[in-house]
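For reference, the structure is listed below as structure tokens.
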Amino acid sequence: MTTSANALSITEQTVRELSRRLNEPEWLLSRRVDAYRAFASMAMPNPLAEEWRRTDISALDLEATLAAPRDAAATWSIGDEAPGVYARGHGLPDAFFFGEVSQALPKHEALLREHLHSLVLSTEWRLSALQATLWQQGALVYVPRGVEVEVPLHYLVSGAAGPVFPHLLIVAEENSSVTVIQETESPSGQAQSLAVGAVEIVARPDARVRFLEVQRWGDNVYNFSTIRARLDRGSRLTAGLVGLGSRLTKTKLEAIMDGDGASAELLGLSFGDGHQHFDYGTLQDHIAPRTASDLLFKAALEDHSSEVWTGTVHIQKGASLSEANQTSRNLLLSDHAKAAPIPVLEIEAYDILRCSHGASAGPLDEEQRFYLESRGIPKAEAERLLVEAFFQPVLDRMPAEAIRPRLEAALAAKIEAGY
Amino acid sequence: MSTNRAVLRIEDLHVSVEGKEIVNGLSLTVPAGEVHAIMGPNGSGKSTLANTLAGHPKYQVTAGKVYLKGEDITDLAPDERAKRGMFLAMQYPTAIPGVTMVNFLRAALKAVQDRDVPVREFRQRLQEALTLLKMDESFARRYVNDGFSGGEKKRAEVLQMSILKPAMAVMDETDSGLDIDALRTVAEGINALHTPEMGILLITHYQRLLNYITPDRVHVLYKGRIVRSGGSELAQALEEKGYDWITSEIDGDSEAVAISKGSDA
Ligand SMILES: Nc1ncnc2c1ncn2[C@@H]1O[C@H](COP(=O)(O)OP(=O)(O)O)[C@@H](O)[C@H]1O
Ligand SMILES: [Mg+2]
């Protein structure tokens, strides 16, 4: 636990070199250096702490994963256009931006300075400090006031052998609308690898943001990420997480509704096999009045895979007339698979509209399987159809139209491999 | 009738559910081209027999054999039975939200025929079946049995039968929950599907369906065994007199004992 920072292959010097190479302004350099110092001074989390009791990262060899070359690549594309470092055209005004953060610096420096790591802080825990130190090839989405972006924006991060630290910042100004799809992928391999990412979403009044993450890291990757959105008055967020890859994933998805009438729809779909472990921590944080949130997370678990979902609904004192729902459904496809859905309700307002929650974990329905089999459909195919059917309602609600066939194929391939 | 012309042959079948024997010593043969009806009061074991024939894992065969076209299928998995031509139209079809009828039917047809069925051919079959059963095309896009009315569920069972064209169809109260028009449509559908190679076992407890489909044989099931068999006139007699005249004969002895005990007291 007390690996000294010096034993690691990064030093303050490497951080300074990275920032210089990226031509970053002084404030960004000093943020990286501060984050590095935080990283160097922090210990890894106590495995007995509540948040880490069900997610064991003792096998993660941080030193080894950081020693590997940082060979990840990213692309930014808009609609079905060929990827580039930033997007233009599509009748979008000049003030609109989607592309690599370093490309945005000349024009959007003030914006970046205000928002980068303002929602996901470098001090949250040791690896968020690491992410804030080493993040690269990040993406900025800036949607000016009143602009509705019809085509989805695509941020693809491809890892190779080395560690990868993606960052996505979305700022949607008043009454704007945008869909952003983040895909992560890397080849499976023998040696452990590491991914630590952050997604920050700032939705100004009445903005509509749809975000989808498709996580397909290789089966050797320890993946940690935090996705946090601050939702201003009347804004609406739909955030979907599709978890297919990685050896272990620990992801936080949080919607902070601090504007009157803001709403959030949080969706999760994961399929685990082998020894995969998923840990999702969600937060529906109702601060302002008349805020509404709805969460649906579904997991299907094969082999020895496992999932923990800890879903907190926090309705704060001022959040009168708010409404929160959450549902977690877990399909256990083997006797060894485990699911631990843990709802946490903290209700401090006394005049809420509604708060409901439900969680379940169990095997496939025997009668449904018999029905399919009695029509000649073999057992494995019947189970596959039922797993796909199980995911259908959550898939239908995700902002996935643009990549739907590809997503369904990836899901089907993964389910098929399990049988 | 020679045994090899039998589509279905059941020999001294005993079935238990959760340790309780429900079917005890049932034998029955359905020759090719014939329709047999099984009638009997509620709880007599009709659905247990039907589910057992389809291979439902909940029903344990503790003794006896089931042959389909001469082959012993007693221990086969449900999908293997279906591939050999067994079909069960269920009394309470299961809803499967998330699986569309069209995807389900394609998967089933592919499985029972053991070949990739070209889209055109499949569509044609589906269209014919929908027309036969007077069902709307939109039906195919709905999720399997999800939100179906009682009557729609029963039609959907016959629709599947018409697409899969089984050698042996066991129809468990396919007539219940149907209004008179739907009953006629379904009955006409079944008649149209009935080929000289095929056997049909109609489970019902009304005479209603038998006004449209004339059974070659009628069997009365009571307390897990066949207590009487006859021609279609037996169904007529049951319609007029109910089951009591048969069941009291069976229960007669034990009731007599109970009465004599009562008079002793
Ligand atoms: N799945 C089951 N679990 C427990 N008991 C059952 C089950 N299926 C049938 N039974 C029992 O078996 C008996 C016969 O039921 P069933 O076969 O459904 O009769 P029928 O179809 O003739 O009305 C009844 O006593 C019923 O309670
Ligand atoms: Mg019954």
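As a basis for the values below, the full set of heavy atoms in this structure was taken, side chains included, without hydrogen atoms, waters or symmetry mates. Just so you know, these numbers come straight off a predicted model, no measurement behind them.
Of the residues considered (B/Thr94, B/Val99, B/Thr100), B/Thr94 shows the highest number of contacts with chain A, using heavy-atom pairs under 4.5 Å. Note on B/Asp79, B/Asp114, B/Val112: by heavy-atom pairs under 4.5 Å with chain A, the leading option is B/Asp79. Contact count against chain A (heavy-atom pairs under 4.5 Å) is highest for B/Gln160 among B/Arg84, B/Lys83, B/Gln160. Across B/Leu109, B/Leu105, B/Leu88, the residue that shares the most heavy-atom pairs under 4.5 angstrom with chain A is B/Leu88.
Contact check on A/Arg375 versus B/Glu157 returns a salt bridge, with a Lys/Arg side-chain nitrogen under 4.0 Å from an Asp/Glu carboxylate oxygen.
With a threshold of 4.5 angstrom between heavy atoms, A/Glu381 approaches chain B through side-chain atoms but not through N, CA, C or O. Proximity to chain A (any heavy atom under 4.5 Å) is restricted, for B/Leu164, to the side chain, taken from C-beta onward. Proximity to chain B (any heavy atom under 4.5 Å) is restricted, for A/Gln392, to the side chain, taken from C-beta onward. Residue B/Ala77 does not touch chain A at all, counting heavy-atom pairs closer than 4.5 Å. Looking at B/Asn103, neither its backbone nor its side chain comes within 4.5 Å of chain A, counting heavy atoms on both sides. Neither the backbone nor the side chain of B/Pro166 comes within contact range of chain A; no heavy atom of the residue lies under 4.5 Å from a heavy atom of that chain.
Counting only heavy atoms from C-beta outward, the side chains of A/Ser374 and B/Met90 approach each other to under 4.5 Å. Taking 4.5 Å as the limit, every side-chain heavy atom of A/Glu367 sits out of range of all side-chain heavy atoms of B/Tyr92.
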Quick one: do A/Tyr371 and B/Phe104 satisfy ring-ring contact (aromatic ring centres under 6.0 Å, His included)? Show the steps, please. CA-CA 11 Å; A/Tyr371 192 83; B/Phe104 160 63; 5.8 Å; yes
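What you find for B/Ala107 and A/Leu385 is that their closest heavy atoms are CB-CD1, 4.3 Å. B/Ala82 approaches A/Gly376 most closely through the heavy-atom pair CB-N, 3.2 Å.
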